Amino acid sequence: MNSEQAQQEILRLSEIINFHSHLYYVESRSEISDFEFDSLLKQLQELEIQFPQFTLSNSPTKRVGGDLTKRFETVTHRYPMLSLSNTYSEEEILEWENRIKKLVDEEVEYVCELKYDGVAIGIRYENGQLSKAVTRGDGAKGEDVTNNVKTIRTIPLSLKGDFPSDFEIRGEIFLPIAKFNSINSERELKSEPMFANPRNTASGTLKMQDSKVVASRGLDSFLYGIYGEGINSTGHFESVQKAAEWGFKVPATPLRFIEKTNSIKEIMNFIEFWNTNRLSLPFEIDGVVVKVNNYEQQTKLGFTAKSPRWAIAYKFKATRVETELLSVDYQVGRTGAITPVANLLPVQLGGTTVKRASLHNADQIEKLDLHLGDFVYVEKGGEIIPKIVGVNTEKRPSEAQKINFISTCPVCNGLLTRKEGEVGHFCVNEKFCPPQVKGKIEHFISRKALNIDGLGDETVDLLYEKKLVTTAADLYDLTFDQLLNLDRMAEKSANNLLFGLELSKKIPFERVLFGLGIRFVGETSAKKLARHFGSIDDLMKASYDDLIEVDEIGGKIANSILEFFGDTEIQQLIDRLKEKGIQFIGEKKEFNKGVFTGKIIVVSGVFSVFNRDELKELIEQHGGKNGSSISSKTDFLLAGENMGPSKLKKAVDLGVAIISEDDFVKLLNN
Ligand code: IVH
């Protein structure tokens, strides 16, 4: 989908959702099922994550400034979840202190903390057990995301030490930058649209239906506030230390994530320190929060309608500079994807020199109406890669040329295409375009694939230039003498490389499969495919229907696999790699024998006793396989509530047995 289509689709979905939402909430009637409503909302949410620039300010996904959706149960907060008032200068902090001094005429101690750029969460613990986790929502009511929060490893499920019997702890859930980057690289590899920033990704992730996917994303947390009766602390700082004793991940003092201070000077010092150093943190922050430490003083100060008087946020300004756009380069990836990159007149920004900025795709260039020689605004807020956010058109040279996206590949001159439903351009010359050919080899040898020690991208370049290697299989024909002839290759490194190639013959099938670089087949799908089929031969024989039986393999991946193995050159490559001794047989995951041995079961809908992941686990434990969509090979449809009508119809049409959760449990018990 290109960005124009995305914008229209966001508008269309928002209108439909608003219409049904009004019917439901105001007129207490509905024309569509909850399931249909939820999937519309989900489509919209996903589009908004991918194209945040088109999100409507009153989007139905953010009702009342919050994030209420119908997919999770709504829970009323026991203590309203307020927000903080924002300040941007020392002056405003001083004004805040003056207001405090008018209401509290004694010494005031402050606590400075980081303002984590994530999603606020309130987690209730009863008798030391995590009982409910609720998002902020509109501040009065939030969504019950307990199952998803339980997947976050830094959030304890049961507590240790001397904790109150019933309390709520609040904090922030966020996605570390490294996780965000690796999710995006995986998405790029699969040619899926990339996520905009860690915060949106964290928020989207927390509201996913499948908690297994949530678990795999690697969310993290910091907890910073305790609410409830029986909390034996006199102040905020002490409470945070106690929370650490009960097992929570709280901001660490030695790292200066939290600090007790007595004066505005010290507060400004903390703010300055983090304004300078924030970009070196492994997670994103967008400011600093200052709180009055003492609980009695907090009570005296109380609240305004929206926020506590005892706390304030100091927001960092996004660091923005203006510089000249010198030229635009186009990079070609291993899949042929073309990424435009801006070359800038080097400029200092947030402690680093910026020379280049990603331009994402043709739509972005068009949207910015970029011209060569333009003075552009470059920003590095929390984001990792600096981006061009606008153009100073007043400074545009009179004859400046508009930047037109290229129509042929900058490396091989091959034609570029834009595939249906995708934003990017691709070079079609897959077999001969050098960066694509080299990129495929580089992917094959990469750490998560064949992990060939002693062989890096530079050596691949050399080997390719000398025409020694054009496919991964050629690597295994390399001789010691050929390697010694290469520039900068000494005996020791040549031996290392040969040894690395030898070792790679032990790399298990699932990683070899990933290394082949089938479009849309990332690490996880490769693993699932390898375990399901057990060998490349069986995988190559699989039909579309066989492929979509595999958990998490949908139509798009199945088609890509069929296209890949249908290519005779790929078949020859695999034959050669087999001859070299690369692993193409893996361990077919041994399923336990049980009532479901040999049966393929599709689980769909919402269940009351087990969640979907638990049911899938039970199926595997009892010898069955989980299918992802219904086909003639499906033995049972395990149907919960709110199932999609089309799935149900397909099951009926194909005569697939439909069983309830009750039936399932009975079968297990027999
Ligand atoms: S304290 C009464 N401390 O900022 C509000 N909030 O703009 C108490 N946030 O919704 C909030 N880091 O999601 C607090 N160290 C921190 C924070 C923090 C991030 C978020 C939180 C809140 C929003 C308010």
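These numbers were taken from a predicted model, which means no experiment stands behind them.
Between Tyr125 and Phe248, the two ring planes are perpendicular [angle over 60°; tilted spans 30° to 60°].
Side-chain atoms of Gln298 come within 3.5 Å of backbone atoms of Val292 as a donor-acceptor pair (strictly under, hydrogens ignored). Of the possible donor and acceptor atoms, none in the side chain of Asp329 sits under 3.5 Å from a partner among the backbone N and O of Val341. Looking at His360, its side chain never comes within 3.5 Å of a backbone N or O of Gly424 through a donor-acceptor pair. At distances below 3.5 Å, not a single donor-acceptor pair connects side-chain atoms of Thr76 with backbone N or O atoms of Lys141. Judged by distance alone, with hydrogens and angles left aside, the side-chain atoms of Asp457 form no donor-acceptor pair with the main-chain N or O of Glu442 at under 3.5 Å. For Thr87 (side chain) and Ala313 (main-chain N/O), a donor-acceptor pair under 3.5 Å exists by modelled atom type. Remark: the backbone N or O of Arg256 is not paired with any side-chain donor or acceptor of Glu259 at under 3.5 angstrom. Using modelled atom types, no side-chain atom of Thr151 and backbone atom of Asn147 make a donor-acceptor pair closer than 3.5 Å. Listed for the Asn343 side chain is no donor-acceptor partner under 3.5 Å among the backbone atoms of Leu326.
Atoms OG1 and CD1, from Thr55 and Ile10 in turn, are 5.5 Å apart once rounded to the nearest 0.5 Å. The line from SG of Cys112 to NZ of Lys291 is 10.5 Å long, rounded to the nearest 0.5 Å. Interatomic distance, CD1 of Ile121 versus CD1 of Ile152, reported as 7.0 Å (0.5 Å rounding). Expressed to the nearest 0.5 Å, how far CZ of Arg136 lies from OG of Ser83 amounts to 5.0 Å. Going from atom CD of Glu73 over to atom CG of Asp144 covers 5.5 Å, rounded to the nearest 0.5 Å. Atoms CG and CZ, from Leu345 and Phe375 in turn, are 7.5 Å apart once rounded to the nearest 0.5 Å.
In this structure, Val321 and Val354 have side chains that are not in contact, with every pair of non-hydrogen atoms separated by 4.5 Å or more. Contact annotation: the side chain of Phe180 never approaches that of Glu284 to less than 4.5 Å [non-hydrogen atoms, C-beta and beyond]. Proximity of Pro282 to Ile177: side-chain heavy atoms (C-beta onward) are nowhere separated by under 4.5 Å. Looking only at side-chain heavy atoms (C-beta outward), Val391 and Asp369 stay at 4.5 Å or farther from each other. Between Leu325 and Leu344, the closest side-chain pair of non-hydrogen atoms falls below 4.5 Å. Using a 4.5 Å cut-off on side-chain heavy atoms (C-beta onward), Pro251 and Leu114 make no contact. Taking the side chain as every heavy atom from C-beta outward, Trp246 and Ile226 approach each other to under 4.5 Å.
Taking every heavy atom of both residues into account, Ala526 and Glu510 meet most closely at CB-O, 3.6 Å. The nearest pair of heavy atoms linking Ile183 to Leu175 is CD1-CD2, 4.0 Å. Of all the heavy atoms in Pro176 and Phe174, the pair that sits closest is CD-O, 3.7 Å. Closest heavy-atom contact between Val149 and Ile173: CG2-CD1, 4.0 Å. Across Glu172 and Tyr224, no two heavy atoms sit closer than the pair OE1-OH, 2.7 Å. What you find for Val423 and Ser3 is that their closest heavy atoms are CG1-N, 4.2 Å.
Lys527 NZ: 12 or fewer foreign heavy atoms inside a 6.0 Å radius. By the neighbour-count criterion of 12 heavy atoms within 6.0 Å, atom NZ of Lys179 is sparsely surrounded, having that number or fewer from other residues, nucleotides or ligands. The environment of CD in Gln241 is crowded: more than 12 heavy-atom neighbours from other residues, nucleotides or ligands sit within 6.0 Å. Residue Arg153 qualifies as open at atom CZ: its count of foreign heavy atoms under 6.0 Å is 12 or below.
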Which donor-acceptor pairs under 3.5 Å do the side chains of residues 227-236 make with protein atoms, sequence neighbours left out?
residue: Ser233; atom: OG; partner: Ser239; partner atom: OG; Å: 3.2
residue: Thr234; atom: OG1; partner: Glu238; partner atom: OE1; Å: 3.1
residue: His236; atom: NE2; partner: Glu113; partner atom: OE2; Å: 2.4

N/O donor to acceptor pairs below 3.5 angstrom from side-chain atoms of residues 93-101, sequence neighbours left out:
residue: Trp96; atom: NE1; partner: Arg309; partner atom: O; Å: 3.0
residue: Glu97; atom: OE2; partner: Lys101; partner atom: NZ; Å: 3.3

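Between the side chains of Glu106 and Gln297, a donor-acceptor pair is found at a separation under 3.5 Å.
The side chain to side chain contact (heavy atoms under 4.5 Å, CB included) test with Tyr314 singles out one residue from Ile267, Leu84, Ile271, and that residue is Ile271.
Classification of Lys395 and Asp374 as a salt-bridged pair fails, no side-chain N sitting under 4.0 Å from a carboxylate O. Between Asp117 and Arg278 there is no salt bridge, since none of the side-chain N atoms of the basic residue sits less than 4.0 Å from a carboxylate O of the acidic one. Salt-bridge annotation for Arg124 and Glu168: absent, with no side-chain N of the basic residue lying under 4.0 Å from a carboxylate O of the acidic one. Comment: Asp286 does not engage Arg199 in a salt bridge, judged by the lack of any side-chain N to carboxylate O separation of less than 4.0 angstrom.
Checked against the 6.0 Å centroid threshold, Phe257 and Phe283 count as a close aromatic pair.
Applying the side chain to side chain donor-acceptor pair (under 3.5 Å) test to Thr154 and every residue at least two apart in sequence or in another chain returns Asp220, Ser221.
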